[in-house]
Amino acid sequence: MKAAVYPGSFDPVTYGHLDIIRRAAEIFDELTVSVLNNKIKTPLFSVEERVKMLEEATRDLPNVRIDSFSGLLIDYARKQDIHVAIRGLRAITDFEYELQIAQTNRKFSDGELDTMFLTTSLEYAYLSSSTVKEIASFNGDISQCVPEFVAKSIYAKYGYDR
Ligand code: PNS
């Protein structure tokens, strides 16, 4: 069975992430989408909230499971017996950072964890969780960026009822 992990902050999940999830789920038998519990960043949503949103957004994908992790991705992947990490590439600006992480993970896992990049579909190439949050924080329209139930949760965090 071919398994992969798609790690990320997912704070919150966007249509860009969901595009990558759908496409990776077609390539692999099982895809684990895992939310990083990062003590350094201050997220808008708790890990539990992010996991719940991902579960809701991927309900129609039977081979996708949602999990969370803390610490190093290589340690998590080893415990799960997963040897491929999925990452989305939106633009050349993502590339250098992603290349460095992919090479670090490969090196420090003794070749056990490789990274596979999927290029984000053009219609979502501009999207990031950060810009979605910024637009929502000013009560702007984010309906093209995230599913409706996610948008509602983001607006609620900023005190808007819409
Ligand atoms: O959605 P993000 O914030 O771009 O995801 C980054 C993520 C979670 C893939 C990356 O920060 C990560 O894997 N963090 C766990 C710690 C780790 O293994 N770092 C890589 C070696 S420097």
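Indexing begins at 1, ligand by ligand and atom by atom, following the structure's order. The shown structure was predicted, so the numbers you read here are calculated from the model rather than taken from an experiment. Just so you know, these numbers use all the heavy atoms, side chains as well, and skip hydrogens, waters and symmetry mates.
The distance from atom CG of Leu61 to atom CG of Leu31, rounded to the nearest 0.5 Å, is 9.0 Å. Atom CG in Leu36 sits 10.5 Å away from atom CG in Asp11 (nearest 0.5 Å).
Salt-bridge check for Asp19 with Arg23: passed, with a basic side-chain N closer than 4.0 Å to an acidic carboxylate O.
Each of Ile142, Val146, Val132 was scored for a side chain to side chain contact (heavy atoms under 4.5 Å, CB included) with Leu127, with one residue passing: Val132.
The protein heavy-atom contact nearest to atom 19 (N) of ligand 1 is Leu72 CD2, 4.3 Å. Summary of contacts: the protein heavy atom closest to atom 2 (P) of ligand 1 is Ser9 OG, 3.6 Å. When only non-hydrogen protein atoms are considered, atom 22 (S) of ligand 1 lies nearest to Thr104 CG2, 4.4 Å. With hydrogens left out, the protein atom closest to atom 14 (N) of ligand 1 is Leu36 CD2, 3.6 Å, a heavy atom.
At least one heavy atom of Gly71 sits less than 4.0 Å from an atom of ligand 1.
Inside a 4.0 Å radius of atom 10 (C) of ligand 1 there is not any protein heavy atom.
Of all atoms in ligand 1, numbered sequentially from 1 with element shown, those under 4.0 Å from a heavy atom of Asn105 are 20 (C), 21 (C).
With Tyr160 contributing its side chain and Ser137 its backbone, the two residues share a donor-acceptor pair below 3.5 Å.
With atom 18 (O) of ligand 1 as the reference point, the heavy atom nearest to it among Leu73, Ile86, Asn38, Asn37 is part of Leu73. Remark: among candidates Glu98, Gln100, Arg87, Gln103, the nearest residue to atom 5 (O) of ligand 1 is Arg87, based on non-hydrogen atoms.
Using a 4.5 Å cut-off on side-chain heavy atoms (C-beta onward), Tyr15 and Pro147 make contact.
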Report task. List the steps and the verdict of salt bridge (charged side-chain N to carboxylate O under 4.0 Å, His left out) for Asp29 and Lys2. Result -> CA-CA 5 Å; Asp29 298 314; Lys2 281 206 167 68; over 6 Å; no

